[in-house]
Structure formats: C-alpha cells, structure tokens
Amino acid sequence: MKRVSDSRSMKSFRLSFLIVAVAFLSRYPFLGAEDIANARENLLTGQRTDFWGSFSPWFFSQIPSNKWEIYYGLLFASILVVSLALIFAFSLARATSRISIAVLVTLSYFTSLFIFSFSRDGALLVFLMLAIGTLISSYARGGKLRYLFFSISLTSVIIAFAFRPWLSICAPFLLLSILSVSRGHFKLGKASIAMLSITLIVSPLFLDQFFHYKMKLVPSYPQQQVMIMDAASIACLSADETDSKRALSVLQPLSDSKPLKKNVLCSQFYPQNWGSVVFYGARDGEATAIKMIDPGQSFKYSNFQKDWVSLISSRIPSYVQTKLMLGSQFLLAGESPRFRPVTWKSILQSPLEISKMLRLYSVLPVLLLIFFLLLRSKPHSWYREFLLSVSAFYFIFIAISIIAFIGDNQRYILPASIMVYLLTVLRNLESSHE
C-alpha cells in the first residue's frame, strides 16, 4: 500500500513539475504586470505611496535585483509545483476516469499561465492554490503533521487575501468549501468556525495596515478610483437629471473646468474603466475631465469622500442602477486576446488566451455551472453543503468586486472563477470515491 502511495506521489510531482515548467518557460523572460511593476517602482524610487496597497509593494520589493521577475517566477513556480503535486496526489487516488484528470490538468495549466503573467490577482491565486493543496492533503496525514498542514493552509489564505484585503470577507466561505471537498475531515465546532472566520477576515486587513505603518507609506487615497467611477457613472448614466447634476457637483473640485459640464465629462467617460475620465478619454490636445487627488492632499480627499458618501446615501436608486449596469459587464467580462506572432511560446500561451476570449472565467458561465449542479444535487447532502459554501464564496467575491468596480477586466474575477472550477472538480472526484 505504501509503495502504491509513493508511486502516486512521484507521478503527481512529475505531472505538476511538467505543467509548471511548460507554463514557466512559455512566459520567460517575464514582464511584470503594470500594478506590480508600479508598486515596486513606487517603493524603490522613494515615492512610497499606498496606491497599490501596502502588503503587495512590500512583498514584491524584497528582491531589489533588476531580474526580480525571474526570482519571483521561481518562487511562484516552487509554490505551484508543491501545490499541484498535493492536489494531483489527492485526485489520482480518487479518479475513476481519465476525463476528470484531463480537466484538472488543463485547469492547472491555465492557472499556471495566469500566475506567471504576474499581477496581484495572480499572487492571490498562487497562495490559494497552496491553501487548497495543503488542506486537502492534510486529511491523509496523522497527528501533528495534519495540524501543521492545516496551519499552512490558513496562513496561505491570509497571505493570499492580503494582496486584495477588501475581499477577505469571502475567505471563511472559501475555507468551508475546501473543507467540504473531502467531507470535512476536520471536525470543527461552531465556536472554532466563528474564530477562524474572524481571523481570516481581519488578518489580511491587519497585514495591510501593519506594512503601511512599517514602511511609512504616504496616503494616496486609492479609494478615489471607486469614488470617481461611481460619481462619473451617476453623472453620465443616470436618467434623473437632478442626480446627474449632483454627481457633477461632487466631481467639480477634481476638475479644472469651471463649471464641469456633463457633455465634457461624458464625452470622455467609458463605463469599462474608471481611468477614462482621468487618463485616456480625452481627445488629442484636450484636457482630461478629472484630475486625481495627489498624495498628501488629505483635506481635499476628506471633502471629496464626504460629498461622495452624501451622493450615494441620498441617491440610492441611481447608485444601485449604475452598479447593476457596471456590474453586468462581469457577466461576460473579457480581455482582448494577446495573440502574438506564431512562436513556440505563443503557441503554449494560446490555450489560456482562447479560454479568456471565450469568457470562461466570466460570471455567467460560473453561475450556470453552479445552478446546474445545485439542480442535480440532493437536499441535505454533503455535496449540497459544498455547493452552498462555494456559491457563498463566489457571490460575495463578485458582490464586493461590483461595489468596488473600477473596470471590467476579467483579471479581477478570474481567481474566484478558477477556485469554483477547481474545487468543483475535486469535490466530484471525492463523490466518485465515496
């Protein structure tokens, strides 16, 4: 029996290494995503603002070398090899058909390609993969080793959400989903679940604030992205002229136009991204409608925040209406496929680009999958419990993403979609094993 287990572990490691190696080589040499590169540059050049959060700039500035992307690529590759090896070992012991393993391998390859494209969302996803691998493999461990793996999994979840701390409220439901994959071998009472939930929600927020204080970052008010998007959306999309005028008055202190007119703002406004009225919506030679609040302008930001809160609280129907319109873009959120000239690298990357082009990580396909599985599941079953947990995780993740909407980029919701797909495959494997 031990020989079979050792053989399965070796197969799992070789498979995971092959997948990660192919994804790694296809992305090499790496070009960091804009948010990570900017966060690093901002910290290392001495500007030290918190526009890209606090934990993320700290994490991605620990290697000052010009070849930092390669070193972080190797770090992520190591984490992925371990995570996928643990996931494959769990899966191969339960697989009754090659189709399920093929789906798992494909999903793992897409995940690896996304992680090696480098972004805060990719960093979030790589640590969630480690959380899944260590937690589901802890079931086969005994004694102290089981609790060591469980602790590593919890720590990985906390680190993952530290890259996007405002999403941490959905972390407890992700943990419950992973626990449900193998029928909850950890018997946790309600008090333990409550304590873990509070820890998972609060810890990423604490980490973010801790590194903000430790690195003495200058406030740059990244929340203004959401506020500008909300006010501009109400000004340009609301059918109520009074609401539109009120939104324009809220944005007035951020504009050089006196007064800020609707036709000026809305000629630059694109509902796909907040940056349209700040950076790229203006025609050549034309001034942008809105200027961002500069770091350190606390008084200006405080007044803008008060006006934004007043706008939202007094115009709730318009706010909800615009959020529904903006959030609906996530139903089929996408990106322009990055098909480069045909090389062996572009060929290896093309499966992920095709899957993104097909909108497989958008909200609609995931909702259809969840709805279909819920219809087929039996009430009061372990499988129904799993589906409810993973649904709660996904809906909360998407709801927060809509509230904090600044763009329809598929990258913002891809980690949640990957989690649903991956956990569903693993839970189905466990169901076939029961």
Side-chain angles (χ1 to χ4, degrees), residues 33-39 41-42 45 47-53 119-120 217-312 315 318-319 321-323 325-327 329 333-336 401-409 411-412:
E34 186 180 356
D35 60 344
I36 287 179
N38 288 342
E41 191 70 18
N42 166 75
T45 57
Q47 297 179 34
R48 308 187 73 81
T49 63
D50 63 352
F51 197 77
W52 295 273
S119 67
R120 283 179 289 175
L217 298 183
V218 178
S220 58
Y221 324 112
Q223 304 93 322
Q224 66 178 296
Q225 299 171 86
V226 178
M227 299 177 192
I228 290 172
M229 188 70 187
D230 288 347
S233 299
I234 293 175
C236 296
L237 300 179
S238 176
D240 190 315
E241 192 62 28
T242 303
D243 291 355
S244 181
K245 288 180 179 178
R246 175 70 181 118
L248 287 170
S249 70
V250 169
L251 291 169
Q252 181 63 71
L254 277 62
S255 175
D256 290 337
S257 300
K258 307 293 182 182
L260 175 61
K261 296 181 179 179
K262 183 174 181 177
N263 65 323
V264 173
L265 177 73
C266 299
S267 67
Q268 300 181 15
F269 174 74
Y270 296 93
Q272 290 81 14
N273 195 282
W274 78 283
S276 59
V277 295
V278 178
F279 298 119
Y280 58 81
R283 300 185 186 91
D284 290 342
E286 185 180 54
T288 57
I290 300 297
K291 306 288 186 185
M292 287 181 62
I293 299 172
D294 293 328
Q297 293 185 312
S298 58
F299 182 74
K300 185 175 183 179
Y301 173 75
S302 179
N303 287 336
F304 179 54
Q305 185 180 49
K306 288 177 184 176
D307 290 341
W308 171 76
V309 170
S310 175
L311 171 69
I312 298 308
R315 268 76 180 178
S318 285
Y319 173 72
Q321 183 184 42
T322 54
K323 281 297 179 185
M325 285 190 283
L326 296 175
Q329 297 177 85
E335 303 171 4
S336 299
S401 299
I402 291 173
I403 292 171
F405 185 94
I406 58 171
D408 69 344
N409 198 316
R411 172 168 67 87
Y412 298 140

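Numbers here are sequence positions counted from 1. Computed from a predicted structure; not experimentally measured.
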Minimum-distance pair of heavy atoms, taken over all atoms of Ala287 and Ala282
O-CB, 3.8 Å
So, Lys323 side chain and Ile403 main chain: donor-acceptor pair closer than 3.5 Å or not?
yes
Give the intermediate values and the outcome of side chain to side chain contact (heavy atoms under 4.5 Å, CB included) for residues Lys300 and Phe304.
CA-CA 6 Å; Lys300 185 175 183 179; Phe304 179 54; 5.7 Å; no
For the pair Trp274 and Phe279, evaluate ring pair (Phe, Tyr, Trp, His ring centres under 6.0 Å) and give the outcome as yes or no after the intermediate values.
CA-CA 9 Å; Trp274 78 283; Phe279 298 119; 5.6 Å; yes
With a 6.0 Å cut-off (strictly less than), is the heavy-atom count around NZ of Lys245, excluding the residue itself, greater than 12?
no
Considering residues at least two apart in sequence or located in another chain, which fulfil the salt bridge (charged side-chain N to carboxylate O under 4.0 Å, His left out) criterion with Asp243?
Arg315
Enter the distance from Asp230:CG to Gln225:CD here, rounded to the nearest 0.5 Å.
11.5 Å
State, with a plain yes or no, whether a side-chain heavy atom of Met229 is found less than 4.5 Å away from one of Leu326.
yes
Does a donor on one side chain sit under 3.5 Å from an acceptor on the other, for Trp52 and Asn42?
no
Examine the side chains of Ser238 and Ser318 and answer whether a donor and an acceptor come within less than 3.5 Å of each other.
yes
Once you round to the nearest 0.5 Å, how far does CD1 of Ile402 lie from CD of Gln329?
10.5 Å
Evaluate the criterion side chain to side chain contact (heavy atoms under 4.5 Å, CB included) for residue pair Met292 and Leu254; output intermediate values, then yes/no.
CA-CA 7 Å; Met292 287 181 62; Leu254 277 62; over 6 Å; no
Please tell me if the side chains of Asn273 and Ile406 come closer than 4.5 Å, counting only heavy atoms from C-beta onward.
no
Rounded to the nearest 0.5 Å, how far does CD of Gln252 lie from CD1 of Ile290?
8.5 Å
I'd like to check the salt bridge (charged side-chain N to carboxylate O under 4.0 Å, His left out) partners of Glu286; sequence neighbours left out, ordered by chain and number.
Arg283
Would you check if Ser233 and Phe269 make a side-chain contact, meaning some heavy-atom pair closer than 4.5 Å?
yes
Heavy-atom side-chain proximity of Thr288 to Val277 below 4.5 angstrom
no
Considering all heavy atoms, the nearest Pro253-Ser249 contact:
CD-O, 3.6 Å
Mind telling me whether Tyr221 and Tyr301 have parallel, tilted or perpendicular rings, with 30° and 60° as the class edges?
parallel
For residues Ala232 and Leu265, report the shortest heavy-atom separation together with the two atoms involved.
CA-CD2, 4.2 Å
Any chance you could measure Ile36, atom CD1, to Ser119, atom OG, to the nearest 0.5 Å?
5.5 Å
Can you list the steps and then say if Val226 with Gln223 is a side chain to side chain contact (heavy atoms under 4.5 Å, CB included)?
CA-CA 6 Å; Val226 178; Gln223 304 93 322; 5.7 Å; no
Which heavy atom of Asp256 sits nearest to which heavy atom of Lys291, and what is that distance?
OD2-CE, 3.1 Å
For Asp240, is there any backbone N or O sitting under 3.5 Å from a side-chain donor or acceptor partner on Ser244?
no
Heavy atoms of Val218 and Gly296 approach each other most closely as CG1-N, 4.3 Å
Give me the atom names and distance for the closest heavy-atom approach of Lys258 to Ser255.
NZ-O, 3.4 Å
Taken to the nearest 0.5 Å, the spacing of Leu311 CG from Met227 CE works out to 11.5 Å
Tyr412 versus Ser401: any side-chain heavy-atom pair under 4.5 Å?
no
Are Tyr280 and Ser276 packed together at the side-chain level, in the sense that at least one heavy-atom pair is separated by less than 4.5 angstrom?
yes
Check whether any side-chain heavy atom of Ile312 lies under 4.5 Å from a side-chain heavy atom of Ile234, and answer yes or no.
yes
Walk me through it: do Leu217 and Thr49 pass the test side chain to side chain contact (heavy atoms under 4.5 Å, CB included)?
CA-CA 5 Å; Leu217 298 183; Thr49 63; over 6 Å; no
Side chain proximity check, Pro271 to Met325, heavy atoms < 4.5 angstrom:
no
To the nearest 0.5 Å, how far apart are CG in Asn303 and CD in Gln297?
11.5 Å
